[in-house]
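Worksheet for the structure shown next.
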Amino acid sequence: MMSSQRSSTILLFDFGPLIRYLSAMEMKNTLKTFSNQKTAGRLSSGMTLMLAMVQTIRFRVLGLVTVSVLIPSFLAGMLAVNYLDKIIEDQVYQNLTDTARRISLDISGWLSDRSSDVKAFTSSYLLTEEVNQLLPKTTSSAAREKSRSAINKYLAYLLEDNQFFGGFSVVSASGEVLAGWPGGAFPEPDDPATLQRTVKNSLFMDASDSDGLRIVIAKQVGSGLDRPKSYFLAALQGERLGSILEENTPPDSNAYIVDASGHLLRTPASEATFNAPAQVIVKTFSDDARSFTYSGKGGEQVIGTSYPIKYLPWHLITETTRKQAFSPLAAFRGQLFVMTFLLAGILLIPALYLARTIILPLEDLNRVSRRIRMGEAGLEVETKAWGELGELVSAFNSMSMSLKLSMEEIQAINSQLTIISVTDPLTGMYNRRYMADHLEREMKILQRTGEPISIIMADLDNFKEYNDKYGHIAGDEALKEVGEVLAYSIRETDVASRFGGEEFLISLSHTDKEGAIKVGEKIRRAVEERIFDLKGKKTRVTMSLGVATSPEDGTAFDELLEASDRAMYHAKEKGRNLVCSTADISSEPIPGDPTSS
């Protein structure tokens, strides 16, 4: 917008809109260039960055130090870790084996003691005599019931306050239950051969109990060859096995008993987590393997050992997770990592000194030169340097300042040329080229927001006669003063331009048709009332104006321009010195341009 303090009509207009226009064009070009660079840079940015790093002096010096210090340190550390890994693994296997052996011996000793107890129970004279009464088929029912009652009392007496046994039973060689306490402690064996194997092996397991496993110790009652055979069965309390496991298993390990099929034999007192896969356990029985590594059910690596249990066809599995077993090694890895980097840091001190005295000035020189190539003239290398390097830095800074002065002169000239390219040389107003770009840009913005935009096409009435009467110099002065009137009659956000000859075009953003007509009427009156002083002669001019508004009169610049032009000619047809809009034009065909304006 024009400043009221200016005296020269050639420089009456404010160049704020021009500056905004140039800034927008520059930003548009910058974004376009950036977009292209970004698209192309995605393909090679990683390789370019790597090559740039490799080519720096700092990378070469620090890389040499790093290779000389870190690689030997880490190789030594890896060898130490591998050696310790083997030692710890052997120690873990040994500890697990010792634990399994200790638990197995405790279980075997406990079973041996209970077998001795059963042997003492079967040596009772009362038990032998009463059983002999039950075995013959010829014994009466009353006698058999009396003997069974006597045996049950004896069994109840044995079971009283006994924490090791859960029940007793006396069976015949055919598997018939002759007596038992408590009642139903043992069902009749389905297969007499199982009973024979039980007696032969002295004890056997019975895993059919819903409460868990049972261990049954079997002994023959009496030893007379002339008497039918009978057997004394004693069921051990399985909870004791769980207690033995819990008492002897370290906190960071698990221990449990498995059979040859890989099934977990769990007692109520032992709730160990079962990690070992069945196929691993079967392998320990078949190949006599004692140490193995496998993946547990949680996915963790597990180290385990297997040890047989005497008197039973079972194995004892002891295991621990590899994470728990190798936790000391993990701590050592961290310490080794810290020690390696501390050593590297100590050795990097000389390299840092060299970087400060030699590398940093060269890097700053390179960095500043790149920024100057990008257009930031006048930058200087601030890092202090001595000797030949200092002279190089001083010469570079001098050339940088000279380049800055030259670029400022070129930029000033380019700015003037840019202003000239969008400015009318006679009136100092914007020219047709600028107005066209401005309107296209404004219409695109306002179309997105839905706001209206209006333009006013203004043409001086009978200006050809004015020139013929007063001369072209007087006409030029009149055009300048009309431009001044236009500048004072519009808002700062509006733009006025000389569109050609005696035609002017005004852009009114965020203005509907009614508002534009009011502005046009304001301009018309201001021009009509202006007195032009031409070498003592008082003259006046008038102006016809045509108003068009987007979007109703068009959404493109050419459409809006044509509509305002038609409205302006309609004003001339109605007698000139009028403001008309497209709404004032009748539906009849519009006549051609006047032969004389």
Side-chain angles (χ1 to χ4, degrees), residues 1-2 9-10 12-15 17-18 21 419-443 453-464 466-467 472 475-491 493-509 511 513 516-517 519-524 526-527 530 541-550 553-554 556-572 576-582 590 592-594 596-597:
M1 185 65 193
M2 179 183 66
T9 57
I10 197 71
L12 287 175
F13 283 83
D14 179 15
F15 288 101
L18 172 61
Y21 165 73
I419 293 173
I420 292 172
S421 68
V422 295
T423 305
D424 176 55
L426 176 62
T427 61
M429 302 174 68
Y430 293 120
N431 59 16
R432 180 171 184 155
R433 173 186 176 186
Y434 175 82
M435 178 57 78
D437 292 340
H438 169 75
L439 278 176
E440 287 182 355
R441 186 169 62 254
E442 285 294 307
M443 291 180 71
I453 181 173
S454 298
I455 64 172
I456 301 175
M457 176 66 77
D459 186 81
L460 294 177
D461 297 326
N462 301 316
F463 195 68
K464 183 177 182 301
Y466 188 91
N467 279 332
H472 287 283
D476 290 344
E477 291 297 326
L479 290 174
K480 293 178 184 179
E481 293 196 31
V482 169
E484 183 178 349
V485 172
L486 293 179
Y488 280 116
S489 302
I490 60 176
R491 302 169 299 184
T493 56
D494 300 331
V495 178
S497 67
R498 185 186 177 194
F499 208 64
E502 61 271 21
E503 290 182 333
F504 299 88
L505 187 63
I506 300 99
S507 168
L508 306 174
S509 300
T511 305
K513 185 166 294 184
I517 292 173
V519 175
E521 185 61 30
K522 177 182 176 181
I523 295 173
R524 187 198 65 77
V527 173
R530 181 67 175 260
V541 294
T542 61
M543 177 177 283
S544 298
L545 301 95
V547 176
T549 303
S550 177
D553 295 328
F557 168 67
D558 292 339
E559 296 174 350
L560 202 61
L561 182 63
E562 181 181 356
S564 65
D565 200 45
R566 286 190 285 108
M568 184 267 293
Y569 280 120
H570 187 70
K572 287 185 178 293
R576 297 184 175 85
N577 195 21
L578 294 174
V579 178
C580 291
S581 69
T582 53
I590 299 175
D593 294 348
S596 175
S597 59

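When reading the values below, keep in mind they use all heavy atoms of this one structure, side chains included, and skip hydrogens, waters and symmetry mates.
Side-chain atoms of Glu484 and Lys480, non-hydrogen and from C-beta on, never get closer than 4.5 Å to each other. Using a 4.5 Å heavy-atom cutoff, the side chains of Ile517 and Lys513 are in contact. Side-chain contact between Tyr434 and Val495: present, with at least one pair of heavy atoms (C-beta onward) separated by less than 4.5 Å. No side-chain heavy atom of Ile456 sits less than 4.5 Å from a side-chain heavy atom of Leu505. Put simply, the side chain of Val579 reaches to within 4.5 Å of the side chain of Val547, judged on heavy atoms. Residues Glu440 and Phe557 are in side-chain contact: their nearest non-hydrogen atoms beyond the backbone lie under 4.5 Å apart. Within the 4.5 Å cutoff, side-chain heavy atoms of Val541 are placed close to those of Val482.
Ion pairing between a basic and an acidic side chain is recognised when a charged N comes within 4.0 Å of a carboxylate O; Glu503 and Arg498 show no such pairing. Using a 4.0 Å cut-off between charged nitrogen and carboxylate oxygen, Lys464 and Glu502 do not count as a salt-bridge pair.
Here the CD atom belonging to Glu442 is positioned 9.0 Å from the OG1 atom belonging to Thr493, to the nearest 0.5 angstrom. From Glu481, atom CD reaches atom OG1 of Thr427 across 12.5 Å, with rounding to the nearest 0.5 Å. Here NZ of Lys572 is found 11.0 Å from SG of Cys580. Values are rounded to the nearest 0.5 Å. Annotation: the span from Thr423 atom OG1 to Arg433 atom CZ amounts to 10.5 Å, rounded to 0.5 Å. From His472, atom NE2 reaches atom OH of Tyr466 across 13.0 Å, with rounding to the nearest 0.5 Å. Between the CD1 atom of Ile490 and the NZ atom of Lys522 there is a distance of 9.5 Å, given to the nearest 0.5 Å.
The two residues Ser454 and Thr549 have their closest heavy-atom pair at OG-OG1, 2.8 Å. Nearest heavy-atom pair across Ile453 and Leu560 is O-CD2, 4.4 Å. Heavy-atom minimum distance, Gly554 versus Glu559: CA-OE1, 3.3 Å. In this structure, Ala567 and Thr582 approach most closely via the heavy-atom pair CB-N, 4.0 Å. Of all heavy-atom pairs spanning Ala458 and Met543, the tightest one is CB-SD, 3.3 Å. Shortest non-hydrogen contact noted between Asp461 and Ser544 is OD1-OG, 2.6 Å.
Between the side chain of Ser497 and the backbone N or O of Phe499, no donor-acceptor pair lies under 3.5 Å. Asn431 contributes a side-chain N or O that, together with a main-chain N or O of Ser421, makes up a donor-acceptor pair within less than 3.5 Å. Checking side-chain atoms of Ser564 against main-chain N and O of Leu561 turns up a donor-acceptor pair under 3.5 Å. Judged by distance alone, with hydrogens and angles left aside, the side-chain atoms of Asp553 form no donor-acceptor pair with the main-chain N or O of Ser550 at under 3.5 Å. Not one N or O on the side chain of Ser507 forms a donor-acceptor pair closer than 3.5 Å with the backbone of Asp494. Judged by distance alone, with hydrogens and angles left aside, the side-chain atoms of Thr511 form a donor-acceptor pair with the main-chain N or O of Ser509 at under 3.5 Å.
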_Determine whether Leu486 and Met429 satisfy the following criterion, side-chain contact (heavy atoms from CB on, under 4.5 Å), listing intermediate values before the conclusion._
CA-CA 10 Å; Leu486 293 179; Met429 302 174 68; 4.0 Å; yes
*Check the pair Asp565, Met568 against side-chain contact (heavy atoms from CB on, under 4.5 Å), reporting the backbone distance first and the verdict last.*
CA-CA 5 Å; Asp565 200 45; Met568 184 267 293; 3.5 Å; yes
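For the side chain to side chain contact (heavy atoms under 4.5 Å, CB included) with Phe504, the lone residue among Leu479, Leu545, Ile523, Val527 that qualifies is Leu479.
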